[in-house]
2 protein chains.
Amino acid sequence: MARPPAAARRDSRARILRAAAAEFAARGYAGANIDRIARTAGLNKAMIYYHFASKAALYREIVGDMFRAVGVRIREVAASDASPEEKVARFIETIATEAEARPHFPPIWFREIAEGGMHLDDKTLRSIDVIVQTLVTILDSGVKAGRFRRVQPLVVHAGIIAPIMLFFGSAGLRARLARAGIGGVAQVTRDAMVAHVQSVTLGVLKGTVA
Amino acid sequence: MARPPAAARRDSRARILRAAAAEFAARGYAGANIDRIARTAGLNKAMIYYHFASKAALYREIVGDMFRAVGVRIREVAASDASPEEKVARFIETIATEAEARPHFPPIWFREIAEGGMHLDDKTLRSIDVIVQTLVTILDSGVKAGRFRRVQPLVVHAGIIAPIMLFFGSAGLRARLARAGIGGVAQVTRDAMVAHVQSVTLGVLKGTVA
DNA sequence: GTCTATAAATAGATAGAC
DNA sequence: GTCTATCTATTTATAGAC
């Protein structure tokens, strides 16, 4: 019969979200194509407008969900009763885990930096801020406990997020370079990168490094 | 008379390149609009096609020039007779100076990471690789001289480029957050950020940090 | 070199049947 | 909920006058 299999039929909305996340990550908001998203989801264009008001609304939902989900994990770390050192290490591990689990996270993060949050609503901007503020809280608790030096949070934040995002987000570019037979460098494992950022960050906070 | 003033007439090509760099940085390749670029340059759309074969060709020229220029400065650093430590510090300073002097550099860098160099030709990919390979050369010379530990170049590279690019590239997003009255953190000066990345990187290479 | 049309293609969004 | 067909706006690119 014409009726598609239940597995394909169910959750057309979820399938659109998945396909759209990949499309927005790969091509950006402007470069994303509604028709291509629909076909990737095994659906028709009209179905996207059945579930979402517009391309912009679809995009906002994906980015909003993404930052909110990361924010939730990060706050769990901050709310735990671990030591400040342990919280910093787990903050970093969590960012890496989320970046790995959601392949669209790093590319979308890069693009939103580049365009200054142009397509984001205030609610999502607040979700982004929550991540930063949560790190500030962790750093403050370490300072108050006499275990961390006072270091500019923006500097610590940049030293964590940026290398981790670059590592996960540049896999495609590294592959492209390799395919083109262009130089490149020895690859590094995910765990080695995370461990490095953890030890450097704690080194900075403990004062082992100026 | 209809003839525009000499200052506006001269270098229509250069004016297009300037306007296009800003447009591509702000909106990305797909989001950039040829008509808007022309108007920003004080010209007509047709003039862009007089100077450039296509939107893609214009984009490639801008990105190619950008990476080549950065590569040149970086190689000057590596070719100098400074100590390995000094070269690392100047490598970082140079990246920061270029990012500051060319406001389109960080956004375009972010976007190209995100889309895996989709719009770039092999020549430009090679220019990107040169920057990495030059850092590898500097690190190697330090190791050979017994002054640096051997650390994965990809890790060192990510620890330098990513925070610097994030710092310069996120100015717009930080401003947007401030305008929306959303949290934010204490601002940091360019010099403080550069000094921090320099001391952390050298700490890693000298073994002060694990 | 610079402009005014305008062609041609792409892509967001909707109407309406099933 | 899902589809086909279509409207409409946007936008890259070109033709051709000056």
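All chains are named by letter (A, B, ...) in the order of the sequence lines, taking the proteins before the strands, and each is independently numbered beginning at 1. Treat the numbers as computed from the prediction; the structure is a model and nothing was measured.
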What string of B, S and - do you get for nucleotides 11-18 of chain C, 5' to 3', if B is base contact, S is sugar-phosphate-only contact and - is no contact with any protein heavy atom under 4.0 Å?
SBBBB---

What's the [atom1]-[atom2] distance between [X] and [N], to the nearest Å?
X: F52(A); N: dT2(D); atom1: CZ; atom2: C1'; answer: 15 Å
X: M47(A); N: dT4(D); atom1: CE; atom2: P; answer: 12 Å
X: I37(B); N: dT11(D); atom1: CD1; atom2: P; answer: 12 Å
X: I48(B); N: dT11(D); atom1: CD1; atom2: C1'; answer: 12 Å

Do any pairs count as a ring-ring contact (aromatic ring centres under 6.0 Å, His included) and have a residue in residues 61-80 of chain B, sequence neighbours left out, and if so which ones?
none

Using a strict threshold of under 4.0 Å (side-chain N to carboxylate O), is an ion pair present between R111(B) and E115(A)?
yes

Does R68(B) come within less than 4.0 Å of D65(B), counting only side-chain N to carboxylate O?
yes

Any salt bridge (charged side-chain N to carboxylate O under 4.0 Å, His left out) involving residues 185-205 of chain B? Give me the pairs, sequence neighbours left out, ordered by first then second residue.
E93(B)-R190(B), E100(B)-R190(B)

Below 30° counts as parallel, above 60° as perpendicular, anything between as tilted: where do the rings of F24(A) and Y29(A) land?
parallel

Closest heavy-atom contact between A19(A) and I37(A)?
CB-O, 3.6 Å

